[in-house]
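Okay, so here's the structure we're looking at.
All residue numbers refer to positions in the sequence shown, counting from 1.
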Amino acid sequence: MGQHQGDDQAGDDPVLRIIDQIGRLAPDQLDRVRRAVFFGSNANLKDLDRSAFIMNRPSSPRGRPGNASPKERSPTGKQAAQVGYPIDEDTGVHSHQPSPSSRQLKRTVSDTDHPIDVLLREKGNNTERYLVVVSSLSLDWKELVKIPGVSNYELRLLWHLFFLRSSKMHVVMCTSQYIPDHSAGSVTQKLLTRRRTLERIKNAINPETAAMTCFNSTDAEVELAKELGVPLFGTDTQGAFWGTKTGNRQIFREAGIPHPDGSYDEIYDELSLAKEILALLRRNPTAQKVMVKLNDSFSGEGNAVLRVDKDLAAAAKGTDEVAVPAILEKLHSSLEYVAPGLTWARYYSQFQSLGGVCEAFIEGAADAKTSPSCQAFLSGAGVRILGTHEQMLNGQIYTGCKFPAFQEYSADLITETLKIGKEMIRHEVVGYISVDFVSVRQDDGSYKHWAIEINVRMGGTTLPIMTLNLLCESGALNDRTSEFIASDGKPRYYIASDTLRKPCYKGLVIEDLLDIIKRHSAEIEWNCRPEAPETGAIFHLVTLLSELGKCGLVCVGRTREEAEQIFGRVKEILDNEVEAEAEISLVVEGDSSDMLS
């Protein structure tokens with residue numbers, strides 16, 4: 001034991017010396033170090049996994065499998081390396097290093113119900129309750145930067161403020177807007193280094209009746225919840241493995257859920273990927289496309305498509321010595337990326353860091369193929385279904401959703417999601433999940449479903465369904481029909497998008513939008529439309545209007561058609577308003593030049 005302790009101390013000495021030297025650097029020198037670490041501007045750091053400095057990487061509880069055979073499908077090997085923790089601003093040391101037993105203790109499986117369930121039972125209950133909302137996006141920064149205006153996406157958590165309709169609920173919002181620190185790193189990691197901020201949060205809550213929630217959770221969020229002494233609606237980094245593409249596929253297999261054929265082990269190198277693709281093609285000789293997916297990506301941005309042409313199909317029938325190089329050549333030259341601007345070199349760099357999977361592409365005619373999803377909340381109390389949706393996709397990129405999923409199969413989605421949720425609870429996963437499916441209508445009119453992804457976090461469908469829950473005074477989901485029954489006893493439908501975007505919307509500020517809504521209140525404003533209670537438009541992400549000409553929108557109607565009409569009318573009103581402003585500015589500009597001449 002003493003020998004190990006001495007080795008640890010000796011290993012720490014260089015680290016402590018580096019920390020001391022960094023503390024002595026001038027601001028311009030510190031900036032050069034930061035650029036070298038995060039952007040690879042120094043050749044000695046070109047192979048460094050920079051993401052470890054700013055996030056927790058989900059890793060398999062069974063460890064990396066190394067070069068496991070595509071036929072074996074049994075992850076083995078050592079646990080992935082531990083990631084670092086931030087330096088405390090007061091002491092200059094690592095104050096939140098995991099304890100030796102943290103890997104066993106960090107999961108926070110709680111019998112705490114979802115807050116909305118507590119609200120539904122509120123009558124006669126005088127207990128003061130507290131919810132700490134941390135807007136941290138603890139995800140891979142190379143994936144996050146693909147989303148325009150991602151720094152504002154924390155605003156999607158503002159729906160938690162609707163809980164304040166209860167006089168007994170207190171909400172503490174923790175956002176980056178109040179942390180004047182533009183260094184790389186999540187809100188959670190920055191909170192962990194600020195003891196005084198943590199004390200202010202503790203003073204604002206009663207830990208006996210409080211809980212913490214966040215967009216997605218990793219070890220850092222678990223550590224923050226432990227610091228605050230409250231249960232977390234989420235899981236640790238090791239538990240988050242089940243939210244990666246590899247973990248998803250293992251869950252589908254264990255729960256007996258139909259899903260595309262493909263790999264089940266973690267893959268980190270191109271040779272292993274090529275071998276998995278070859279095994280897949282030999283099991284599916286008529287396959288036309290193969291999906292390649294980054295393990296820890298979202299909104300479809302980490303996906304790529306490998307088309308199986310006649311040359312590749314012929315090569316797959318030959319020996320491994322012929323087939324594997326042929327697949328590698330196709331990966332290097334012909335892989336089609338969902339995210340714009342990618343090359344094999346850039347994509348493969350992320351693949352080596354995040355790992356990935358390959359799977360068969362589900363074919364189907366455009367008019368017979370849909371992309372539904374089902375949302376749930378997992379806790380020690382079980383699986384609570386939140387809703388079903390039809391996803392709106394631009395290619396494979398998520399752009400919005402329609403609620404609920406089609407009646408022909410919404411009950412099937414709920415049944416499959418309950419199985420998946422129970423399996424994930426068995427692996428001690430807690431919090432929000434969303435299961436994505438590909439559904440194809442068969443010749444007899446029925447639908448066949450394949451589960452393709454589980455998002456273990458809040459997502460694009462979380463805000464609209466929770467907004468509907470909390471704005472309708474006494475509404476509730478009928479999880480048998482997947483309809484949401486509003487206060488008048490009738491169903492509500494909605495269409496929602498995070499990407500209502502046009503260049504001409506740039507320059508609009510929040511006050512402008514509020515004026516526009518007020519002028520057209522009877523047509524679009526929530527709960528202000530004559531004889532149409534609990535319908536209308538709810539805007540979010542509005543701070544992006546001025547910068548990117550982009551905002552989010554949820555349009556609720558009494559029928560699917562009415563929801564679509566409100567959505568269309570909002571777009572029409574915004575277009576007309578900005579066109580009118582453009583005409584006014586042109587007139588002013590003309591008058592000014594006349595005066596000058």
Atom CD of Glu572 with >12 non-hydrogen neighbours under 6.0 angstrom | yes
To the nearest 0.5 Å, atom NZ of Lys502 lies from atom SG of Cys551 at 12.0 Å
Taken to the nearest 0.5 Å, the spacing of Trp159 CH2 from Leu463 CG works out to 8.0 Å
Measure the shortest side-chain to side-chain distance between Ile257 and Trp450 over non-hydrogen atoms and say whether it is less than 4.5 angstrom.
-> no
Non-neighbouring partners of Arg558 that pass salt bridge (Lys or Arg N to Asp or Glu O under 4.0 Å), sequence neighbours left out = Glu562
Going by atom types alone, do Thr246 and Asn295 pair a side-chain donor with an acceptor below 3.5 Å?
-> yes
Does the side chain of Leu157 reach to within under 4.5 Å of the side chain of Met458, using non-hydrogen atoms?
-> yes
Is there side-chain contact between His259 and Ile452, with at least one heavy-atom pair below 4.5 Å?
-> no
Can you see which heavy atom on Leu470 is nearest to which on Arg165, and at what distance?
-> O-NH1, 2.5 Å
Minimal non-hydrogen separation, Leu378 against Met424, with atom names = CD1-CB, 3.8 Å
Is the closest side-chain heavy-atom distance between Arg501 and Leu544 below 4.5 Å?
-> no
Taking atom NZ of Lys490 as the centre, report whether more than 12 heavy atoms of other residues, nucleotides or ligands fall under 6.0 Å from it.
-> no
Inspect the surroundings of CG in Asp444 and state if more than 12 heavy atoms from other residues, nucleotides or ligands are less than 6.0 Å away.
-> yes
Rounded to the nearest 0.5 Å, how far apart are CE of Met173 and CD1 of Ile201?
-> 11.5 Å
Taking the six-membered ring where the residue is Trp, are the ring centres of Tyr494 and His389 under 6.0 Å apart?
-> yes
Step through it carefully: locate the ring centre of Tyr432, locate the ring centre of Phe233, and say whether they are under 6.0 Å apart.
-> no
Do Ile566 and Val556 come close enough that some side-chain heavy atom pair is under 4.5 Å?
-> no
Taking the side chain from Arg441 and the backbone from Asp367, do they hold a donor-acceptor pair closer than 3.5 Å?
-> yes
Do Arg129 side-chain atoms and Met169 backbone N/O form a donor-acceptor pair below 3.5 Å?
-> no
Could you state the interatomic distance from OG1 (Thr499) to NZ (Lys550), rounded to the nearest 0.5 Å?
-> 6.5 Å
Determine, stepwise, if the pair Thr543 / Ile510 fulfils side chain to side chain contact (heavy atoms under 4.5 Å, CB included).
-> CA-CA 7 Å; Thr543 53; Ile510 295 174; 4.1 Å; yes
Residues Leu508 and Leu545: closest non-hydrogen pair is O-CB, 3.5 Å
Considering all heavy atoms, the nearest Glu473-Ser487 contact | N-OG, 3.4 Å
Under 3.5 Å, is there a donor-acceptor pair between the side chain of Thr535 and the main chain of Ala532?
-> yes
Are Tyr409 and Phe437 near enough that their ring centres are under 6.0 Å apart?
-> no
From Phe484 CZ over to Leu477 CG, what is the distance, rounded to the nearest 0.5 angstrom?
-> 7.5 Å
Any chance the side chains of His427 and Glu254 put a donor and an acceptor closer than 3.5 Å?
-> yes
Set of salt bridge (Lys or Arg N to Asp or Glu O under 4.0 Å) partners for Glu525, sequence neighbours left out | Lys518
Calculate, to the nearest 0.5 Å, the distance between atoms CG and CZ belonging to Asn248 and Arg253 respectively.
-> 13.0 Å
Heavy-atom neighbours of Lys448 NZ exceed 12 at 6.0 Å | no
Just by distance, with hydrogens left out, do Tyr505 and Asp575 show a side-chain donor and acceptor under 3.5 Å apart?
-> yes
If you take all heavy atoms of His520 and Ile573, which pair is closest and at what distance?
-> CD2-CG2, 3.5 Å
Write down the atom of Ser373, the atom of Leu413, and the distance for their closest heavy-atom approach.
-> O-CD1, 4.2 Å
